[in-house]
There are 6 protein chains.
Amino acid sequence: MARPDGRAPDELRPVTLQRNWSMHPEGSVLVEFGNTRVLCTASVTEGVPRWRKGSGLGWVTAEYAMLPRATTTRGDRESVRGKIGGRTHEISRLIGRSLRACVDLKALGENSIVLDCDVLQADGGTRTAAITGAYVALHDAVHWLGKHGSLKGSPEKVLHRSVAAVSVGIIGGEPRLDLCYEEDVVADVDMNVVCTGTGDFVEVQGTGEQSVFSRAELDVLVDLGAAGCAELTRIQREALS
Amino acid sequence: MARPDGRAPDELRPVTLQRNWSMHPEGSVLVEFGNTRVLCTASVTEGVPRWRKGSGLGWVTAEYAMLPRATTTRGDRESVRGKIGGRTHEISRLIGRSLRACVDLKALGENSIVLDCDVLQADGGTRTAAITGAYVALHDAVHWLGKHGSLKGSPEKVLHRSVAAVSVGIIGGEPRLDLCYEEDVVADVDMNVVCTGTGDFVEVQGTGEQSVFSRAELDVLVDLGAAGCAELTRIQREALS
Amino acid sequence: MARPDGRAPDELRPVTLQRNWSMHPEGSVLVEFGNTRVLCTASVTEGVPRWRKGSGLGWVTAEYAMLPRATTTRGDRESVRGKIGGRTHEISRLIGRSLRACVDLKALGENSIVLDCDVLQADGGTRTAAITGAYVALHDAVHWLGKHGSLKGSPEKVLHRSVAAVSVGIIGGEPRLDLCYEEDVVADVDMNVVCTGTGDFVEVQGTGEQSVFSRAELDVLVDLGAAGCAELTRIQREALS
Amino acid sequence: MARPDGRAPDELRPVTLQRNWSMHPEGSVLVEFGNTRVLCTASVTEGVPRWRKGSGLGWVTAEYAMLPRATTTRGDRESVRGKIGGRTHEISRLIGRSLRACVDLKALGENSIVLDCDVLQADGGTRTAAITGAYVALHDAVHWLGKHGSLKGSPEKVLHRSVAAVSVGIIGGEPRLDLCYEEDVVADVDMNVVCTGTGDFVEVQGTGEQSVFSRAELDVLVDLGAAGCAELTRIQREALS
Amino acid sequence: MARPDGRAPDELRPVTLQRNWSMHPEGSVLVEFGNTRVLCTASVTEGVPRWRKGSGLGWVTAEYAMLPRATTTRGDRESVRGKIGGRTHEISRLIGRSLRACVDLKALGENSIVLDCDVLQADGGTRTAAITGAYVALHDAVHWLGKHGSLKGSPEKVLHRSVAAVSVGIIGGEPRLDLCYEEDVVADVDMNVVCTGTGDFVEVQGTGEQSVFSRAELDVLVDLGAAGCAELTRIQREALS
Amino acid sequence: MARPDGRAPDELRPVTLQRNWSMHPEGSVLVEFGNTRVLCTASVTEGVPRWRKGSGLGWVTAEYAMLPRATTTRGDRESVRGKIGGRTHEISRLIGRSLRACVDLKALGENSIVLDCDVLQADGGTRTAAITGAYVALHDAVHWLGKHGSLKGSPEKVLHRSVAAVSVGIIGGEPRLDLCYEEDVVADVDMNVVCTGTGDFVEVQGTGEQSVFSRAELDVLVDLGAAGCAELTRIQREALS
């Protein structure tokens, strides 16, 4: 049972990270994991939300969204429905937590960075592509702040870790890395792994709605995801050099 | 560094499951994990949502909420704010997925069961208490349907697995089971583990916002959580016998 | 035509008032009028809403809500629907007015007290049970403020009256006190009577949607309600002693 | 202490009822109670809401609203705020109940009538003016249905009662009929009385937020209100003849 | 093909402007273009929105709305639907821009004027009637501010231009001025022309949804609209003298 | 006073139209007017909205939106604010009308096409770029329907006209074509001109918020806009050949 695009089970799709795709944001990256295409922008504003003022700490948050026709059938806009769905909330929170894990908020000082991750085209793995791309946009925004003398610490101190993410799953008994949509819908178990550039874990979310998974399967998936994140870390570094 | 209530690191808080706490629902359980107190009700309706009609499959879903003063300071009602927050969405979805993992939707037939988990008092672990209690309420609702001759399969076929959940975390280097609120806010790593009655995993969600975690720490937490779920499974069985 | 539970026409259902049912609020009461069960909590915050700042006056308000399965069939959550219904608004406003009638807002000083009345189980008379229970929770919150030295006047000056409420109605020509749900739906006339501990009226709301009522019937209902409130006042005093 | 406009304590303000003020509605009345000016329209639609289909019963409902500058200071539009306030809800429900008390829904057949009561200018007593005017608009809409052969019963059978409403209050110890705004804000006790054309009561809502009221005061207010409604009934008959 | 009301193609409907129709607003006008009837009120508040504070500039804005039964069939209230429709937004913005074109915001000083245009009865041309009436209400509000010594400049400096508006369209090849509803729905081309009292253009909005229009047709419509506005300017002057 | 990018006053910015930019939609175009970049997708669904069923007519509608950081400073998401702003509504309606002017809805049959125009990067003229790009996406969607045998008429009959749009304005007395953002904010007069491929007008919207404009200026702007649209029509034809 070959993969739809002929990849090896432990092989990523072609990954590209185009920096400075947009002219206005302080950091912007168009990230592609195969056909999945997410525009990640990092917007800097001086100051922090009211509840945080005077704390000396900065703030980093994320918002994820999909264009209505990023998917095979058109979805209603959340702005038209007048409320944000549960899936959107869940993913925005995951991205925000993952990126805050990289940032020393004290060294950032009272600055805010919002990471917008808008899916222009979806083919599975949009949340992991978003995290991987948003890290690079965040990097550029932090250095922009550094150049403008607005940080408490150096950019390297502010962004003391890198982060990347990938999905893994079990399909027909075979563990696979970086599922495309066609694989995602038939997976028995599905896990998102978020790792730092040094191989520690930031988030691990495994779910077996179609099925359940054993301790052994959990181990295989975690290791496969960690290996995928290591490769993504390499690609991020290349993009940033 | 002893635990606030003097428990051993791998010890659950006192857990109680009061069945039939409410007179109207087809299943209702007041679950307590120490001071955390959640009212779980299972409401049966004939038929399924429109998009599912004619499929022959049933539907199980969950809604989680907190009373405004379940917490140390009063929170605004989501009904007053006019929208449901991201945290509420995320937890409702987790509970729903966890319980659907127990149910054979074909054997359920075109019936719907809504699990409402309303936190009356919060002291950490509300989502894991909710899953653990909701399973028992779901059990009673499925048997109610069985008695009324409304199932396609037997109650045992419909509810072919049990599910329980517990939180684990690392505090000052020590892995601990079933964190209370005071522990939750200082944990470096926090994981929710959802297991079946036979020890398989339904969901594993580990997050290290304060910190990151190594492969070894992940293993310890997963094992501690699985052991806690085994004990909760025993308590569920007792309540149902 | 006996009453469903065999009571005399002018007899209350068994009424219980459990103080300190919850650990977090400054006042909390689980009130039961028969099967009707309402959790009333009083939450204190220092300061008053912006439009009231500098007035020297405190603020007391109330919010009423029902758990989705408090009733015989499950109701949608108002948080999910994204708006509060007319009935909820109407009852919240009634409770707020009734309790403000007991409070000397000047003696309260610039403190706010929110009374949350969440119906855990409904069997008629939820709004009158809520008022009766909320008074006791309010009492405890005012004394809590007194102990913390945060009042302008003494607790007795702040809470210079007590308040209790009960429903009355005419069923098949017979005036009855404290209707349960089964009686409520068939009543020709329905009235809610809110009285002070000394027998004055705070609110009288009579409605005859099924029918209309004469001056004589109005008199009978008002008197029956006042007698019921007198008995509830006695029960409140007992609970507070 | 004379009244602001020199009226006797038991005297109504000048009341006018202009029928057919608007060209589109099946019934429309511009009602004035002194400076209070409410446009009441009755809109007929064939059929009833989905939940009522096949019942053979009609439906009558009401919506109350204020233009933003009907009052001394401009209020935000509820459409702009995105939600309907508690006061609006409460009054809309009161008007709807009061008018349904006049209608034999079976004789109406499966037709719907919506009564819109829009306050163009407010000077106290807007809800009672609305009820009094809406009755006349309803009358015209029912007769319009009769002329079009769309009723199950005769217009007289459908509209088997008339209804009128007035506010009463106690100011400085003096009971007064039909309070204007200046009186309303200083009243110790405030009551709205809704009566049929034959002197029975449909609704009585007395509230003493500033104060409380005795049994004797209640009697005086109820009688004063009933007398005011009798006079309003006479004015309605005149307008309809 | 005569017009429904027998007018000449370049003839306005009877236009009336009743000043001071309401008692509370600083300016209020009931404007009628034939059967179209709009209540325009101007509400003054001291100060400006937060984002404008300290600029020394005033603020003028407009809100347009329709009563539910202003039209032949009843429309749902936007407050009930919980959101403002696109048409309402579009018209409110047009009215606001048109009136700001008349005002020297510096001479107004830090005062705000809100123009509410509520359609009581609709028969085509509601937005142009609203602009024409709102100008007169604005005039009265500016003079009210002048009398109270609250302006930076004289009322004449503040309101340095007048503005009026009218609709024009092509029906069956014939250009017509001031379309009523019956004409509006069959027009091939429809244009709203907003002119100053000296014949300059403030807004020109031509749309040909049923059809498209040539350069020559555009010229005819613009000239017809300008002539209509000149006549409306004359009527405004008369009303203000 | 040269233009910021050195263009002649009657010169368009470089315009590109990339067809098939996305894999899922039936038509998709990335349109660029200089730095303005809009993703236009056309989504086909069988059937029409409920209120149109059985009419034999198709439906074409449009939704315009901006990514939060398409602009120089980040804007809040309309989904987060829970409502769509007036500007968004106004532009969506303009795009929808403009494209419906090209379509024979009878020949389209009971099919729906939604045009989503999402601004990825904004530098003035986003609405006119959206119309120009959406026409090409619509073309491809209509031909897709034609290939699938789902049209009542031929694709040429369905799409019997083309449409393009451009902004024009007067800056410092000089009429200019296709304003970039820097020009847009200082323009005295601003007009959007929407023309068919044969030079007729679909919409003309001129506004002079900063100033007013004479008949002569209107003529110059209309002619300049029409010439710009003719050039855009040529570019559209090239892209489609």
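Fair warning: this is a prediction, and the values are worked out from it, not measured in the lab. In what follows, every chain begins at residue 1, and chains take the letters A, B, ... in the order their sequences are listed.
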> In a check of side-chain contact (heavy atoms from CB on, under 4.5 Å) between D:Val204 and each of C:Leu218, C:Thr207, C:Val222, C:Leu221, which one passes?
Replying inline: C:Leu218
> For the candidates D:Cys195, D:Gly85, D:Gly82, which exhibits the highest count of non-hydrogen atom pairs separated by less than 4.5 Å from chain C?
Replying inline: D:Gly85
>> Could you report the tightest heavy-atom contact between C:Arg215 and D:Asp219, atom names first, then the distance?
In response: NH2-OD1, 3.2 Å
> Do C:Arg161 and D:Val212 come within less than 4.5 Å of each other through their side chains, counting heavy atoms only?
Replying inline: yes
> Would you say C:Glu182 has more than 12 foreign heavy atoms packed within less than 6.0 Å of its CD?
Replying inline: no
> Looking at C:Asp223, C:Thr88, C:Val194, which makes the most heavy-atom pairs under 4.5 Å with chain D?
Replying inline: C:Asp223
> Where does C:Ile84 contact chain D at under 4.5 Å (heavy atoms): side chain, backbone, both or neither?
Replying inline: backbone
> Do you know which of D:Gln205, D:Met191, D:Glu217 has the most heavy-atom pairs under 4.5 Å to chain C?
Replying inline: D:Gln205
> Which bit of D:Thr196 comes within less than 4.5 Å of chain C, counting heavy atoms only: side chain, backbone, both or neither?
Replying inline: side chain
Under 3.5 Å, sequence neighbours excluded: what are the donor-acceptor pairs made by side chains of residues 169-176 of chain D?
| residue | atom | partner | partner atom | Å |
| --- | --- | --- | --- | --- |
| D:Glu174 | OE1 | D:Arg176 | NE | 2.6 |
| D:Glu174 | OE1 | D:Arg176 | NH2 | 3.3 |
| D:Arg176 | NH1 | D:Glu183 | OE2 | 2.9 |
| D:Arg176 | NH2 | D:Met1 | O | 3.0 |

>> What's the separation between atom NE2 in C:His89 and atom CZ in D:Arg93, rounded to the nearest 0.5 Å?
In response: 11.0 Å
